[in-house]
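Data block below; observations after.
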Amino acid sequence: MITDDILYIGVNDKDIDLFEGQYIVPNGMSYNSYVILDNKIAVMDTVDHRKKEEYLAKLETALDGRCPDYLVVSHVEPDHASSVKAFLEKYPSTQLVGNAKTFQMLAQYFDLNFDSALTVKEGDVLSLGRHELHFIMTPMVHWPEVMFTYDSFSKVLFSADAFGKFGSLDAEEDWICEARRYYFNIVGKFGMPVQTVLKKAAGLDIQIICPLHGPVLTENLGYYLDKYNLWSSYEPESEGVFIAYASLHGNTADAANKLKDLLTAKGCPKVAVADLARDDMAEALEDAFRYGKIVLAASSYNGSVMPFMEDFLHHLKGKNYQKRTVALIENGSWAPSANRTMTEILSQMKDISILDTAVTIRGTVKEENLKELSALADALL
């Protein structure tokens, strides 16, 4: 129960292994839906079709014999809207509510008749009785049709995918880590649209945030809003250095770990390290955005760079990576090429400062390399 007349009817999915076919979710996912009980009843979104039977059963219990008047579709992505047709088959008199793009995109998934649908735009209000639903268009957070709904009676913001996180609702984990990984991988590219939405939200009296994934947020809302403001402005969140490496025979990994020891010994508050061949790419992306300084260490490969590093860099570019200081380490026994390739890709990103103290290793880490790594640590600090 969210309030006396707003009920949670979402479900947990503990069977899923990869969210959106790519993100590891060891603690599953939640698909959130809500029902507002008033003179008229509005249901806020559906859930992934994987859990539609459980969802429809929960909805029936919450309705207690009544029928919903409206189904508000805030986001058409299938993890939220792929049960819309099943919903309408069970409750055919329900009126769909969405914006113009909602119905254009929903038609790509279902053969539905939208003649009776209610098309809303920025500033429109739908009255349920006491509850007044105000519609806020939030395109590209993170699809073009996304919209928020603000209930001015209960002061509840239904925030679509914003403020969501990976993990089922009964997972014993802090909000911040999985929310950060979720944000930078799902929403991260769209910092400017998020900034626009935050400015709109600043004018609302919000007491509760109801996202489509993760827990309902009811306390210290300024904390969550501040995190989204920080993340969407691409500013570093934590003091420290992130080292990401791709090693061919273990020598580049050795250099990365030696640099970590040097940074720690010199007083760096935090050093995070990722093996791009083995660690979760989404978590590596999260750490790249979390810290203001990053070290890329990679073996040369086929006149270029190790594929894992190249893939990582293209992920960063695709997420609009910017405003960071980068240091480079390459390894190449006979024709070092990794730094050149990494620099070429980094040059396509905004506000990236590459340190001059790049390190080149030929084979194993030698005494002169340790001196270079120490100088690199000093430059980073």
Side-chain angles (χ1 to χ4, degrees), residues 8 10-34 45 47-48 50-51 75 77-80 141-143 146 157-191 194 197-198 208-238 240 242 244 270 272-276 278-291 294 312 315-316 318-321:
Y8 177 82
V11 296
N12 288 320
D13 185 353
K14 296 184 178 181
D15 302 320
I16 189 171
D17 59 341
L18 293 176
F19 181 67
E20 292 191 351
Q22 58 185 316
Y23 302 116
I24 298 169
V25 282
N27 292 322
M29 287 296 296
S30 69
Y31 311 123
N32 298 343
S33 174
Y34 310 89
D45 293 285
V47 305
D48 193 291
R50 295 160 53 92
K51 297 295 179 179
H75 187 17
E77 198 166 7
D79 53 319
H80 307 299
V141 184
H142 58 118
W143 277 27
V146 176
L157 180 68
F158 297 92
S159 63
D161 269 348
F163 304 102
K165 65 179 284 293
F166 294 124
S168 63
L169 287 188
D170 56 359
E172 295 183 2
E173 59 190 10
D174 291 336
W175 179 86
I176 185 65
C177 288
E178 285 295 66
R180 185 190 298 110
R181 186 168 73 99
Y182 175 90
Y183 175 87
F184 284 115
N185 285 278
I186 304 293
V187 189
K189 178 180 179 180
F190 306 106
V194 173
V197 169
L198 291 174
I208 299 173
I209 298 176
C210 291
L212 289 180
H213 296 294
V216 173
L217 306 177
T218 59
E219 297 179 352
N220 196 19
L221 298 188
Y223 170 80
Y224 305 105
L225 291 165
D226 286 347
K227 287 299 182 186
Y228 258 61
N229 183 53
L230 180 70
W231 295 342
S232 60
S233 63
Y234 300 101
E235 297 294 339
E237 180 181 356
S238 302
F242 174 51
K270 174 68 176 178
V273 180
D275 177 353
L276 297 177
R278 295 175 176 83
D279 295 335
D280 176 24
M281 180 65 75
E283 190 165 338
L285 196 80
E286 171 197 348
D287 279 339
F289 278 96
R290 179 174 181 177
Y291 299 101
I294 180 173
F312 176 61
H315 274 279
L316 289 178
K319 301 302 181 183
N320 208 11
Y321 193 64

* Compare every heavy atom of Lys319 with every heavy atom of Tyr23, then report the nearest pair and how far apart it is. =>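 Between these two residues, the closest heavy atoms are OH-NZ, 3.8 Å.
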
* Taking the six-membered ring for Trp and the full ring for Phe, Tyr or His, determine whether the centres of His213 and Phe19 are under 6.0 Å apart. =>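 Yes: the rings meet the under 6.0 Å criterion.
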
Would you be so kind as to tabulate the donor-acceptor pairs closer than 3.5 Å made by side chains of residues 220-227, with sequence neighbours excluded?
from   : atom 1 : to     : atom 2 : distance (Å)
Lys227 : NZ     : Glu237 : OE2    : 2.8

* Asked: Is there a donor-acceptor contact under 3.5 Å linking the side chains of Asp161 and His75?
  ->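 Present: a donor and an acceptor within the cut-off.
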
* Would you say the side chains of Asn12 and Tyr31 form a donor-acceptor pair under 3.5 Å? ->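 Per modelled atom types, Asn12 and Tyr31 side chains form no pair under 3.5 Å.
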
* Flag yes if more than 12 heavy atoms outside Asp170 fall under 6.0 Å of its CG atom; otherwise flag no. =>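 Check passes, neighbour count above 12.
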
* Any idea how His142 and Phe190 line up, ring-wise: parallel (<30°), tilted (30 to 60°), or perpendicular (>60°)? ->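 Correct class here is tilted.
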
* **Set of residues satisfying side-chain contact (heavy atoms from CB on, under 4.5 Å) with respect to Asn27, sequence neighbours excluded** =>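 Here the qualifying residues are Ala171, Glu173.
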
* Asked: Does some side-chain heavy atom of Val187 sit less than 4.5 Å from a side-chain heavy atom of Val194?
  ->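 Yes; the side chains approach each other to less than 4.5 Å.
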
* Side-chain heavy-atom pair Cys210, Phe158 within 4.5 angstrom cut-off ->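 When only atoms from C-beta onward are counted, Phe158 and Cys210 do touch, with a gap below 4.5 Å.
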
Quick one: [atom1] on [X] to [atom2] on [Y], what's the gap to the nearest 0.5 Å?
X: His315; Y: Gln22; atom1: NE2; atom2: CD; answer: 7.0 Å
X: Asn32; Y: Asp79; atom1: CG; atom2: CG; answer: 10.5 Å
X: Leu230; Y: Tyr183; atom1: CG; atom2: OH; answer: 9.5 Å
X: Phe184; Y: Lys189; atom1: CZ; atom2: NZ; answer: 15.5 Å
X: Ser30; Y: Leu169; atom1: OG; atom2: CG; answer: 4.0 Å
X: Asn185; Y: Arg180; atom1: CG; atom2: CZ; answer: 12.0 Å

* I would like to know whether Trp231 and Phe289 meet side chain to side chain contact (heavy atoms under 4.5 Å, CB included); could you show each step before the answer? => CA-CA 8 Å; Trp231 295 342; Phe289 278 96; over 6 Å; no

* To do: Kindly indicate, with the supporting measurements, whether the criterion side chain to side chain contact (heavy atoms under 4.5 Å, CB included) is fulfilled by Trp175 and Leu217.
  => CA-CA 10 Å; Trp175 179 86; Leu217 306 177; 4.1 Å; yes

* To do: Using a strict 4.0 Å threshold on nitrogen-to-oxygen distance, state whether Asp15 and Arg50 make a salt bridge.
  =>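 No, Asp15 and Arg50 are not salt-bridged.
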
